[in-house]
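Just so it is clear: chains get the letters A, B, ... in the order the sequence lines come, proteins before strands, and each one is counted from 1.
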Amino acid sequence: MAKITTENYVAEAKKAIKNQVLQEALADLQHRFGRGTAECYRQLPEGPDLRLRAHDIRMKDIENLDVVLETLVANIRKNGGHVYFAEDGQAAVNYCLEVAHKHKVRRVVKGKSMVSEEIGLNDALVEAGIDVSETDLGEYIIQLAGETPSHIIAPAIHKTRSEIGSLFADKLDIPYDDDPSRLTWAARKALREKFLAADMGTSGCNIACAETGHITTLSNEGNIRMSTTMPRIHVAFMGMERVAARLEDHDILLRLLCRGAAAQNMATYVSYIGGPRSAGEVDGPQEFHLVVLDNGRSRILADEEFREMLCCIRCAACLNVCPVYAKIGGHSYGYAYSGPVGAVVTPLLVGINRAADLCQGETLCGACQDICPVNIDIPRMLLALRTKLAEGDSAWGVTPADRKEKLLFQAWSWMIRNRRLYDAAVKLAATGQRLFAQKDDMIGRLPPPVHGWTKGRDIKPLAAESFISRWKKSL
Amino acid sequence: MNTASQEEFIHKIKIALGKPLAESQRNVDFFKSDMSDETRGILERIKNRTPEERKKLLATLIEAAGPINLKVISCEDINSVTAAIADLVRDKDPEWGAKKSVVAWQHPLIENLNLPEALSPQDVTVFFTDVKETESGNLRQHVIDSYIGITAADFCMADSATMVMRTRPGQARSVSLVPSIHVAVIELNQIIADLKELYALLKWDPQESKEGLTNCMTFISGPSKTADIEATMVHGAHGPRQVHVYVITS
Ligand code: SF4
């Protein structure tokens with residue numbers, strides 16, 4: 001199974017903030033993509049409000065998911081493809097292993113896919129003794145380095161060219177070089193051999209189209225086309241929600257996806273795959289398998305508060321504008337999904353308590369919703385998750401994260417509804433605060449148990465006399 | 001295969017959506033849409049496009065091609081395309097081996113280029129991805145060995161500079177992918193405005209919709225690229241490093 005390290009959020013975030021290389025790369029990414037995407041939306045013939053229409057389209061797809069999915073798979077079977085419905089990650093992985101075993105697969109090339117990260121496909125294949133290569137350049141670098149991706153679209157942004165140069169010198173047995181072009185071509189050469197020797201290629205699915213019976217995959221590098229064209233067998237994994245009903249809907253979603261993901265009008269390569277090679281065709285895979293994955297999604301679907309999250313088309317636009325992601329980077333989020341999308345999806349998939357820090361770390365600034373190609377109200381869902389953490393929720397199996405905090409707020413709520421008590425407390429605090437060091441008219445350190453407040457910031461002292469009492473006097 | 005698991009899976013979705021379990025009546029209307037007036041308008045527009053309007057689309061295509069490093073060259077007639085390709089073959093060196101060979105689609109437009117004859121003075125072999133080659137078992141190797149791949153296209157969308165190719169016998173998908181340089185030859189009337197027009201054709205045009213998307217429809221917008229190392233743009237990650245599109249305007 002995939003590794004989940006959401007518990008390390010704080011520690012990983014600290015590490016990331018100290019990492020100068022990462023900080024610069026993240027800033028650059030946000031600067032280019034964040035702005036570029038917004039500009040792309042403005043230039044749409046239909047204008048940026050197309051996002052709102054896209055939201056409605058996605059919601060309608062989700063609310064009819066049973067019909068839409070059945071149509072998709074019926075069409076794919078008609079085209080000669082195999083479809084497998086996987087209840088969870090393990091079932092999806094097992095199916096892939098079965099197919100691999102049946103066809104005596106020894107080498108697999110992987111086209112980048114979030115779902116395969118989610119289910120831990122890589123490790124499972126390796127354990128089965130299969131040679132697995134990531135083929136997206138960023139993912140390939142990460143695989144050689146034995147790390148995990150830090151961004152959905154740019155997995156290796158945390159590595160410098162000289163680090164990559166040394167890595168390639170070591171692993172590919174080539175002279176050290178730190179020129180990005182020559183490094184890219186070195187990887188091109190190494191991976192070309194992998195593509196041509198592979199027995200099986202795997203991919204994800206960006207947005208399928210039900211009425212035609214196709215999955216679509218996007219890439220700029222061409223690795224996904226290679227992985228789905230050259231090997232004998234193609235296995236595609238898709239989250240059960242990643243499907244549009246009709247071509248008209250697909251048009252809008254595809255255009256928005258390209259803009260959201262990389263501020264492009266169109267990805268360099270878009271493939272619509274409906275089945276294996278047909279009779280008389282001279283190349284392409286002989287077998288095509290589609291694995292449709294639930295893995296906790298039906299639970300999200302059942303909860304109207306979070307159903308909207310299934311509209312997500314995993315474009316990563318929200319990462320590129322998120323002020324929190326910009327500082328702490330992808331590793332802190334501890335699972336396949338990072339940034340605002342991860343802060344909602346990960347708790348829902350791996351457990352709300354377990355991933356509590358993720359939704360609590362975000363700022364609720366709303367930038368993610370504004371840039372989201374399908375206008376998902378992420379801040380609303382972050383708040384909903386926090387409410388569950390504060391109050392507990394039996395349906396999601398959430399225990400209140402901090403009973404002390406809850407007690408404190410109950411006391412506070414009782415006090416502020418009690419005028420005289422409140423006045424007395426404020427007076428006491430105004431007198432008592434003189435005991436603490438003040439600098440430039442600010443309090444720099446409070447005592448336990450409230451010392452956390454001043455850990456990273458100073459606070460303003462209370463006025464000697466409250467507004468209400470001054471106001472009363474002047475009457 | 002696995003119909004049991006499918007039933008359970010879909011059943012679970014229905015419960016999640018709160019749909020009545022006994023609901024057997026399919027929501028058929030969901031997919032049934034009549035051709036909208038907008039679509040009718042789009043199809044009319046494509047059909048009645050004047051040569052001037054087509055030239056305008058070509059200008060849009062050239063403009064969109066610039067930033068993504070796609071080379072679009074307009075040629076008066078097919079002979080000038082042949083000459084241009086012969087020049088390209090002369091000027092460019094193979095990336096992987098020393099020997100120059102070219103692989104091309106079996107397609108009327110491509111066969112009319114008479115490439116074997118045009119390239120024989122340079123001693124360059126042209127392989128066609130036809131059934132004969134497939135049966136001989138050499139096709140894959142020829143594609144791998146060739147440094148230039150030549151294809152036609154079904155359409156070209158001007159606003160994003162995207163070539164659209166469906167898969168058919170004789171028209172191997174790997175020709176536009178594995179060789180270092182991809183050359184595509186199209187005619188002026190294959191240029192359409194955008195994705196909306198393409199989808200309207202594929203879904204509603206009687207002829208196009210009969211063939212449908214095929215089992216593999218590919219969009220190509222320029223050469224392969226990556227910016228995964230320090231956000232520096234590099235062309236030729238895995239696919240072709242260069243893409244040349246020749247548009248026959250006559
Ligand atoms: S939440 Fe929206 S912006 Fe973020 S990945 Fe999903 S679709 Fe993209």
Side-chain angles (χ1 to χ4, degrees), chain A residues 28 63-67 69-71 79 82 84-85 135 137-138 141 154 156 160-161 164 180-181 183-185 188 191 196 211-212 214 220-223 225-226 229-230 245-248 251 254-255 265-266 268-278 280-284 294 298 301-302, chain B residues 1-2 5-6 9-10 12-17 19 26-27 30-31 33 64 68 129 131 133-134 139-140 143-144 159-160 162 167-170 172-174 177 195-196 199 202-203 212-232 234 236-239:
Chain A
D28 176 62
E63 271 156 9
N64 293 283
L65 192 58
D66 52 337
V67 186
L69 259 185
E70 285 199 307
T71 309
N79 295 336
H82 302 275
Y84 177 73
F85 285 89
T135 59
L137 177 58
I141 293 168
T160 62
R161 63 179 75 191
I164 298 169
S181 303
L183 287 172
T184 299
W185 294 329
R188 170 183 173 86
L191 281 168
L196 299 180
E211 73 172 353
T212 69
H214 289 80
N220 281 332
E221 297 187 355
N223 59 315
R225 267 195 85 197
M226 279 284 200
T229 303
M230 303 313 282
R246 307 171 311 150
L247 269 182
E248 286 86 346
D251 160 45
L254 177 62
R255 285 190 291 137
N265 290 341
M266 191 64 81
T268 305
Y269 301 106
V270 182
S271 302
Y272 297 69
I273 298 165
R277 86 166 67 160
S278 315
E281 284 176 8
V282 292
D283 62 357
D294 184 330
S298 53
L301 185 69
Chain B
M1 178 192 254
N2 287 298
S5 75
Q6 171 169 352
F9 197 97
I10 299 287
K12 216 167 157 189
I13 292 179
K14 279 193 185 152
I15 293 179
L17 286 168
K19 289 198 175 179
R26 284 279 165 272
N27 192 352
F30 192 60
F31 287 97
S33 51
I68 57 172
T129 55
V131 183
E133 276 294 312
T134 323
L139 183 130
R140 188 178 161 103
V143 174
I144 293 169
D159 84 326
S160 54
T162 304
T167 314
R168 300 182 192 89
R173 348 182 158 178
S174 48
L177 178 66
L195 188 60
K196 245 199 181 93
Y199 280 174
L202 291 175
K203 184 163 173 177
L213 277 65
T214 70
N215 270 4
C216 178
M217 178 168 82
T218 308
F219 290 178
I220 300 176
S221 313
S224 152
K225 64 184 179 198
T226 185
D228 274 353
I229 301 179
E230 287 197 3
T232 311
V234 182
H238 306 291

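- Counting only heavy atoms from C-beta outward, the side chains of B:Asp228 and A:Glu221 approach each other to under 4.5 Å.
- For the pair A:Asp283/B:Arg140, no side-chain contact is recorded, criterion being any heavy-atom separation below 4.5 Å from C-beta on.
- In this structure a side-chain-to-backbone donor-acceptor pair under 3.5 Å is present from B:His238 to A:Thr135.
- Ring planes of A:Tyr272 and B:Tyr199: perpendicular class, angle over 60° (limits at 30 and 60°).
- Looking only at heavy-atom pairs under 4.5 Å with chain A, the residue among B:Ile68, B:Val143, B:Ile144, B:Thr214 that has the most is B:Ile144.
- Heavy atoms closer than 4.5 Å to chain A are found in both the backbone and the side chain of B:Ser174.
- Counting heavy-atom pairs closer than 4.5 Å to chain A, the top residue among B:Ala172, B:Ala231, B:Ser160 is B:Ala172.
- For a residue to count as touching a neighbouring chain, one of its non-hydrogen atoms must lie under 4.5 Å from one of that chain's; by this rule A:Leu254 touches chain B with the side chain only.
- Proximity to chain B (any heavy atom under 4.5 Å) is restricted, for A:Leu191, to the side chain, taken from C-beta onward.
- Side-chain contact between A:Asp28 and B:Glu230: absent, with no pair of heavy atoms (C-beta onward) separated by less than 4.5 Å.
- The contact between A:Thr268 and chain B is made by backbone and side chain atoms together, counting heavy-atom distances below 4.5 Å.
- When heavy atoms are compared at a cutoff of 4.5 Å, A:Thr229 approaches chain B solely by way of its side chain, counted from C-beta outward.
- When each of B:Thr226, B:Asn215, B:Val234 is checked for heavy-atom pairs under 4.5 Å with chain A, B:Asn215 comes out on top.
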